[in-house]
Trainee: 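The structure is given below, and queries will be raised subsequently.
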Protein chains: 2
Amino acid sequence: MTGQVRTVDGRVAGRRGQATRQKLLDCLSEMLSSSPYRDVKVIDVARKAGTSPATFYQYFPDVEGAVLEIAEQMAAEGATLTELLQGRSWAGKAGWQTAQELVDGFLEFWRKNDAILRVVDLGAAEGDKRFYKLRMKILNSVNNSLADAVAELQAKGRVDKDVNPAAVAGSLVAMLAAVASHQKGFSSWGVKQAELKPNLALLVHLGVTGRKPTK
Amino acid sequence: MTGQVRTVDGRVAGRRGQATRQKLLDCLSEMLSSSPYRDVKVIDVARKAGTSPATFYQYFPDVEGAVLEIAEQMAAEGATLTELLQGRSWAGKAGWQTAQELVDGFLEFWRKNDAILRVVDLGAAEGDKRFYKLRMKILNSVNNSLADAVAELQAKGRVDKDVNPAAVAGSLVAMLAAVASHQKGFSSWGVKQAELKPNLALLVHLGVTGRKPTK
DNA sequence: CGGTAAGCTGACGGCATGACAGGACAAGTG
DNA sequence: CACTTGTCCTGTCATGCCGTCAGCTTACCG
């Protein structure tokens with residue numbers, strides 16, 4: 001997948017180089033968690049990593065470029081989201097279980113990577129194709145699995161024919177992502193995390209199967 | 001509501017001052033539509049408005065402050081979203097109509113103000129209380145109406161008792177907002193706008209009533 | 001017409017950006 | 001061990017934006 005890691009000016013990075021590069025990425029990641037995206041400066045990241053701005057520019061064209069790199073790593077790691085739906089059933093009690101575990105896993109993944117996902121979301125919303133494709137890559141596994149589930153139920157005649165599986169799946173995934181991004185919002189809105197999850201699972205189950213879950 | 005408009009150093013703004021102030025806001029708004037938030041610079045906004053950076057700083061503490069102002073104006077205008085749900089029924093064919101019109105109105109509002117809403121969303125997700133409250137203010141009308149509708153149906157025994165109306169309403173609103181933000185994403189994902197709307201309406205109807213709509 | 005406050009800008013120190021050349025360092029070679 | 005090679009890092013510099021201030025112009029009012 002990833003060929004050789006290269007510097008901006010074309011040299012191949014050796015062991016030491018890759019270490020500093022990664023350190024810069026880690027520091028940037030940390031920085032994104034603690035300050036607004038707009039205020040993250042190259043010089044701060046470099047200082048935090050105990051190096052100089054010039055070094056940063058040796059490995060990345062700019063902050064955006066480095067963010068893309070971090071997001072790429074996260075996307076690879078996020079392939080585990082597929083497991084949340086692989087071979088699961090949407091029928092009866094098992095369906096309710098599936099919905100719950102999907103919500104659980106999704107929210108946790110999002111919370112763990114919230115800072116970087118915020119930026120990816122922004123970039124995608126602003127129309128940047130690179131961020132946009134990355135967002136797809138991350139959500140694709142879940143999205144496809146959900147769409148398949150809907151399509152399958154539709155083939156069995158248990159879901160209306162005028163339902164568009166891709167549209168429903170995409171909307172549900174967008175919902176999960178949005179709720180995860182604004183989890184704190186809900187809490188001060190009188191809804192606790194523990195209460196939020198089952199209600200989300202209910203909505204997912206309703207969306208996929210068109211029916212209330214049997215608990 | 002709005003007291004007197006004041007400059008940063010405390011002077012009250014007169015007719016001319018308010019005009020330039022508004023012009024700066026308009027130019028900033030335009031700028032946000034055409035370039036990434038991170039790259040919007042005070043000097044560009046000032047140039048576009050035919051004035052100097054110093055003038056900008058006379059009226060706003062920084063870019064963020066000006067964005068808040070624009071968002072505040074939009075929030076006031078967005079009160080019209082309430083009408084989408086005021087006195088509507090969720091029963092039978094009327095319910096389907098209600099869901100469709102809600103989706104329609106919501107998506108249009110979001111599309112019309114997408115640039116500024118992106119920034120508000122980011123600020124809220126980053127934990128900035130000012131943006132966060134603003135986002136609530138905008139979504140509150142729809143959110144409350146939806147929660148009321150769910151609670152009402154619940155009181156009639158047509159919705160399960162363990163459903164949390166606020167959680168469901170919040171999730172649905174978050175879904176609408178997220179889908180609206182990434183409308184372009186869906187289109188290149190094989191789902192056309194026209195197809196998207198009825199599927200969203202279906203999900204909203206399912207979420208509120210727990211049942212498929214009668215069309 | 002003179003006073004007062006609003007409105008605007010040129011100019012400036014400070015800082016971030018991004019490029020380059022050259023020094024420091026590790027590893028291999030004779 | 002000296003020497004070479006290629007990687008790695010940083011000092012430095014030109015450029016450009018930030019945010020502030022003093023001071024000039026304009027509008028209003030008695």
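These numbers come from the heavy atoms of this one structure, side chains and all, not from hydrogens, waters or symmetry mates. All chains are named by letter (A, B, ...) in the order of the sequence lines, taking the proteins before the strands, and each is independently numbered beginning at 1. These figures come from a predicted structure and were not determined experimentally.
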Trainee: Regarding A:Q97 and A:E101, is there a side-chain donor-to-acceptor distance under 3.5 Å anywhere?
Mentor: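 Note: A:Q97 and A:E101 side chains meet the donor-acceptor criterion.
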Trainee: Does A:R38 qualify as a cation-pi partner of B:Y37, given the criterion of NZ or CZ under 6.0 Å from the six-membered ring centre and within 45 degrees of its axis?
Mentor: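 Yes.
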Trainee: Quick one: on DNA chain C, does B:P53 or B:R11 contact a more 5' nucleotide (nearest heavy atom)?
Mentor: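 Here B:R11 is the residue nearer the 5' end.
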Trainee: Out of curiosity, A:N199 CG to A:L196 CG, how far, rounded to the nearest 0.5 Å?
Mentor: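 If I round to the nearest 0.5 Å, the distance is 7.0 Å.
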Trainee: Quick one: B:R6 CZ to C:dA5 C1', roughly how many Å, whole number?
Mentor: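 Roughly 13 Å, once rounded to whole Å.
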Trainee: Nearest-Å distance, OH (A:Y59) to P (C:dT17)?
Mentor: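 Nearest whole value for this atom pair: 19 Å.
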Trainee: Using 30° and 60° as the class limits, which term best fits the ring planes of B:W110 and B:F106: parallel, tilted or perpendicular?
Mentor: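 Parallel, since the angle between the ring planes stays under 30°.
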Trainee: Report the distance from atom CD of B:E83 to atom CD of B:Q86, rounding to the nearest 0.5 Å.
Mentor: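 Atom-to-atom, B:E83:CD and B:Q86:CD are 8.5 Å apart.
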Trainee: Once you round it to whole Å, what is the distance between P of C:dC8 and CD of B:Q18?
Mentor: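 In whole Å, C:dC8 P lies 12 Å from B:Q18 CD.
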Trainee: Please list each protein N or O that sits under 3.5 Å from an N or O in nucleotides 23-27 of chain C, with the distance.
Mentor:
none

Trainee: Is a side-chain N or O of B:T7 found less than 3.5 angstrom from the main chain of B:R11, in a donor-acceptor match?
Mentor: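 Checked: pair present.
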Trainee: What is the distance, rounded to the nearest whole Å, between atom CD of A:Q58 and atom P of C:dA21?
Mentor: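 In whole Å, C:dA21 P lies 14 Å from A:Q58 CD.
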Trainee: Could you check B:L107 against B:L200 for side-chain contact (heavy atoms from CB on, under 4.5 Å), going step by step and ending with a plain yes or no?
Mentor: CA-CA 10 Å; B:L107 288 195; B:L200 269 178; 4.3 Å; yes
Trainee: Hey, does the side chain of A:Y57 come within less than 4.0 Å of D:dC9's phosphate (OP1/OP2), counting only N and O?
Mentor: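 Looking at the OP1 and OP2 atoms of D:dC9, neither is under 4.0 Å from any side-chain N or O of A:Y57.
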Trainee: Could you state the CG-P distance from B:L24 to C:dG7, rounded to the nearest angstrom?
Mentor: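 My rounded result for the distance is 13 Å.
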Trainee: Any side-chain heavy-atom pair from B:Y132 and A:H182 closer than 4.5 angstrom?
Mentor: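 They are not in contact (no side-chain heavy atoms under 4.5 Å apart), so the answer is no.
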Trainee: Tell me whether the OP1 or OP2 atom of D:dC9 has a side-chain N or O from A:T55 closer than 4.0 Å.
Mentor: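 A:T55 to D:dC9 OP1/OP2: no side-chain N or O under 4.0 Å.
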Trainee: Has A:T51 got a side-chain N or O lying under 4.0 Å from the OP1 or OP2 atom of D:dT10?
Mentor: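 So the side-chain polar atoms of A:T51 do come within 4.0 Å of the phosphate oxygens OP1 or OP2 of D:dT10, strictly under.
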Trainee: Would you call A:R47 and A:D44 a salt bridge, using N to O less than 4.0 angstrom?
Mentor: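 Looking at A:R47 and A:D44, the cut-off is met.
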Trainee: Under a 4.0 Å heavy-atom cut-off, which of residues 29-49 of chain B touch DNA chain D?
Mentor: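 Within residues 29-49 of chain B, the residues near DNA chain D are B:K41, B:V42, B:I43.
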Trainee: Would you kindly give the NZ-to-P distance between A:K23 and D:dC9, to the nearest whole Å?
Mentor: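 About 11 Å, once rounded to whole Å.
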Trainee: Given D:dC9, is OP1 or OP2 found less than 4.0 Å from the side-chain N or O atoms of A:T20?
Mentor: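 Looking at the OP1 and OP2 atoms of D:dC9, one of them is under 4.0 Å from a side-chain N or O of A:T20.
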Trainee: Rounded to whole Å, how long is the line connecting atom CG of B:D62 with atom P of D:dG19?
Mentor: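 The distance from CG of B:D62 to P of D:dG19 comes to 7 Å, rounded to the nearest Å.
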